[in-house]
Amino acid sequence: MPVDPNQDPYYRLRHSAAHVMAQAVLEQFPEGKVAIGPPIENGFYYDFDLPRALAPEDLEQIEQRMREIIAGNHPFHYRVVSADEAKELFKEQPYKLELIVGLEQGQDEYGDTDSGSTVISTYRQDTFEDLCRGPHVEHTGQIPSEGLKLMSVAGAYWRGDEHRPQLQRIYGTAWNSQEELEQYLWRIEEAKRRDHRRLGKELDLFSVSDEVGGGLILWHPKGAMIRGIVEAFTREAHLQNGYDWVYTPHVGRAHLWETSGHLDFYKENMFAGMDIEGETYYAKPMNCPFHIEIYKTHLRSYRDLPLRYAENGAVYRFERSGVLHGLTRVRGFTQDDAHIFCRPDQINTEISRALDFSLYVLRAFGLTDFSAYLSTMPEHHVGEPDNWEQATAALRQALDAHALSYKVDEGGGAFYGPKIDLKVSDALGREWQLSTIQFDFNLPDRFDLEFIGEDGQPHRPFMVHRALLGSMERFFGVLIEHFAGAFPLWLSPVQAVIIPITDRHLEFAGDVRQRLEAAGLRVEIDQSKDRMQNKIRRAQLQKVPYMLIIGNKEQEADAVAVRLRSGEDLGAIPISAFIERAQGEIAART
RNA sequence: GCCCACGUAGCUCAGUAGGUAGAGCAUUGCCUUGGUAAGGCAAAGGUCACGGGUUCAAGUCCCGUCGUGGGCUCCA
């Protein structure tokens, strides 16, 4: 994702670092070919076509050479050249030549049509001259050597096209100072510590089995406990917000998917069909057709609308093996899916409600930092432009009413309707796409959906597809990383561990457990023969919110000595008082 | 799917120049009965991902398959 030169204060420095890196690499591989080298979020990269694969040692050497170039304080010289001059200058560089031809046709370096000018320019520092529109720092000395680090090498296709040559991409990062660099590196380390795949194993939440297949999640008891709480909470919230809960099957006949158009346009993402008594069935990649079939079981009056069908619907999509990733990119997942069928005059209210509901649910899980994206009508689309306009206006109005700042992706909507995507930032400031609210002008036509209006005539309803959490799998992954596995009390699979100091206290421990469980708390006793210290350590590593230590003193006082996972020791608290405290915390979902 | 790297005990990893497999944690047993992040001793645990090849000898070298990771692309 390229960054905007006008908005990113690191743009010049990182872009310049990319040029310096290209110089260093070409010095080492004079026959190497260079592609493009833009600044990106947190750093920069440059793509090379080199005679051999780069190893980590090469990065050290390149980085070393970069520091020398930086120390040389070489100025960046800008000049405008004609297309012919440029072609002569880069005659040994086929990728640059392709870029120059593109520039002549008004394309940018990614091959996209660029509305900007078609000026062809270069920047030169020291011995290296690169096709570039800039801007850059004034001289290489302005790139802070101590804020620079090459991170990794990876394969990347020329122009992102798998049919074009695969290049070697070197990722680097560059900051204004060593402190900034170290902060960034700390964030990377912290992200690794929070990685849901790692915590999923350490906290025994879920696994993926080779035997079952990639991208198919096994929810272990503790992960399933959390999922169950999430589902119960959101289901209840849906019922309170005017949704009807439904259940639909995992497979459907081929004819359904022909009608929906999935077999025409989505087949490469579907699991292969299954033959049952001469009829082909497909695992569902989406829930919409099923909800539509429910809609169609009755003739609907304008008075019946809006109808809102919600379901935690498991869907299966064939994702290429290379893209699978933990819980966030899988082949089978459960969407908290709903479809709203409404009259044209209801869409403003419905969209506003859906957005409101979305924000309410996400906030309940401690996610409070949102950014919104509005995607509008693409060139190839179905449905009447009037409807698109009305729908887009409704989306826009809802965003404005909720005082959400949003970016507009002009022409970025799906072919079947405009949409709002909500992204949330987690505790580390990373963005995750969760909620989506999108209109669908395609399926109502394909399934010939109708309602009878006040005029006694059939009309086509508007259909809105929306998910709040996105999928249970991805959302769980986000929760794990957001909380670093230390879930708030209401979500914690084990809310308290009772730690008897000696075996003599086991009986009292059992008594305490019973009372806490009767109060609705999820409690375990650590009956191992380890010492108290080790039991504390174990509960701490499992990120259990409360450790309740029980010895002679507590037994006499009918109390528990409460230790928090923060390390704080609250001392002895009467059992009834502890129950009250925990119940209050659960009710507040903090 | 493609490029690169990786695949050794339940987990995290070590195995130097090919010579026949090791540690810590977890598990089990015995001793220890303790006051806020690891008590001691011992045992058990591995067709070194799978298949083939080179070699007197392969965890180690070569080829293939499967899987995982980092990217590309895509996306809930």
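All chains are named by letter (A, B, ...) in the order of the sequence lines, taking the proteins before the strands, and each is independently numbered beginning at 1.
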Classify R466(A) by what it touches in the nucleic acid, base, sugar-phosphate, or nothing, heavy-atom distance under 4.0 Å.
nothing
Classify the nucleic acid contact of Q533(A) as base, sugar-phosphate or nothing, counting any heavy atom under 4.0 Å across all strands shown.
sugar-phosphate
Atom pairs under 3.5 Å: protein N/O with N/O of nucleotides 23-28 of chain B:
none

Taking the nucleotide of RNA chain B with the nearest heavy atom to each, does R563(A) or G322(A) sit closer to the 5' end?
G322(A)
When we call it a touch if two heavy atoms are under 4.0 Å apart, what does E202(A) touch: a base, just sugar-phosphate, or nothing?
nothing
Need one value for G470(A): base, sugar-phosphate or nothing, where a base atom within 4.0 Å counts as base even if backbone is also close, heavy atoms only.
sugar-phosphate
Looking only at N and O atoms, is any donor in the side chain of Y157(A) or the base of G1(B) less than 3.5 Å from an acceptor on the other one?
yes
Assign E568(A) to base, sugar-phosphate, or nothing according to its heavy-atom contacts below 4.0 angstrom with the strands shown.
nothing
I want to check one thing: is the phosphate of G1(B), taken as OP1 and OP2, less than 4.0 Å away from some side-chain N or O of H163(A)?
no
Please find out if less than 6.0 Å separates the ring center of F290(A) from that of W257(A).
yes
Whole-Å P distance, C25(B) and A42(B):
13 Å
Does R164(A) contact C72(B) through a side-chain donor or acceptor facing the base, at a distance under 3.5 Å?
no
Would you kindly compare L327(A) and K535(A) by the position of their nearest RNA chain B nucleotide and give the one closer to the 5′ end?
K535(A)
Under the criterion salt bridge (charged side-chain N to carboxylate O under 4.0 Å, His left out), which of R538(A), R537(A), K535(A) is the partner of D530(A)?
R538(A)
Could you tell me how far U65(B) sits from C56(B) if I compare only their C1' atoms? Round to whole Å.
29 Å
So what does R531(A) hit on the nucleic acid, given a heavy-atom distance under 4.0 Å: a base, only sugar-phosphate, or nothing?
base
Set out, in order, the CA-CA distance, both residues' side-chain angles and the distance that settles ring-ring contact (aromatic ring centres under 6.0 Å, His included) for Y46(A) and F48(A), then state yes or no.
CA-CA 7 Å; Y46(A) 213 116; F48(A) 303 95; 5.1 Å; yes
What distance separates I525(A) CD1 from I499(A) CD1, expressed to the nearest 0.5 Å?
11.5 Å
Ring geometry between F439(A) and F441(A) (parallel below 30°, tilted from 30 to 60°, perpendicular above 60°):
parallel
Does G70(B) have OP1 or OP2 under 4.0 Å away from a side-chain N or O of R197(A)?
yes
R308(A) and R353(A): CA distance, side-chain angles, deciding distance, side chain to side chain contact (heavy atoms under 4.5 Å, CB included) verdict
CA-CA 12 Å; R308(A) 312 181 190 95; R353(A) 285 181 60 137; 3.5 Å; yes
What protein N or O atoms touch nucleotides 8-11 of chain B N or O atoms at under 3.5 angstrom, if any, and at what distances?
none

Counting side-chain heavy atoms from CB outward, which of U36(B), A37(B), U33(B) is closest to M532(A)?
U36(B)
Can you check the distance between C66(B) and C74(B), where both ends of the measurement are the P atom (answer in whole Å)?
25 Å
Between G51(B) and G69(B), how far is it from one C1' atom to the other, in whole Å?
23 Å
Among the nucleotides C75(B), C72(B), U73(B), which one has an atom lying closest to any side-chain atom of R329(A)?
C75(B)
For G160(A), which contact category applies under a 4.0 Å heavy-atom criterion: base, sugar-phosphate, or nothing?
sugar-phosphate
When we call it a touch if two heavy atoms are under 4.0 Å apart, what does V153(A) touch: a base, just sugar-phosphate, or nothing?
nothing
Is NZ or CZ of R235(A) both nearer than 6.0 Å to the six-membered ring centre of W245(A) and within 45° of the ring axis?
yes
P-based separation of A17(B) from U60(B) [nearest Å]:
15 Å
Are the aromatic ring centres of F357(A) and Y243(A) under 6.0 angstrom apart?
yes
Pi stacking test for F333(A) and A76(B): under 5.5 Å apart, planes under 30°:
yes
Name the nucleic acid region contacted by S321(A), choosing base, sugar-phosphate or nothing; use a 4.0 angstrom heavy-atom cut-off, strictly under.
base
At under 4.0 Å between heavy atoms, what does Y171(A) touch on the DNA or RNA strands: base, sugar-phosphate, or nothing?
sugar-phosphate
Using the six-membered ring of F44(A), assess whether NZ or CZ of R14(A) lies under 6.0 Å from its centre and within 45 degrees of the ring axis.
no
When we call it a touch if two heavy atoms are under 4.0 Å apart, what does A539(A) touch: a base, just sugar-phosphate, or nothing?
nothing
Between C2(B), A37(B), G34(B), which nucleotide has the shortest distance from any of its atoms to the side chain of I536(A)?
A37(B)
With a 4.0 Å cut-off, would you call K192(A) and E189(A) a salt bridge?
yes
Write down the distance separating the C1' atoms in A9(B) and A44(B), rounded off to the nearest Å.
11 Å
How are the rings of Y546(A) and F578(A) set relative to one another: parallel (under 30°), tilted (30 to 60°) or perpendicular (over 60°)?
perpendicular
In dot-bracket form, how is RNA chain B paired, counting a Watson-Crick or G-U wobble pair only if both its distances are under 3.5 Å and using | for bases paired to another strand?
(((((((..((((.....[..)))).(((((.......))))).....(((((..]....))))))))))))....
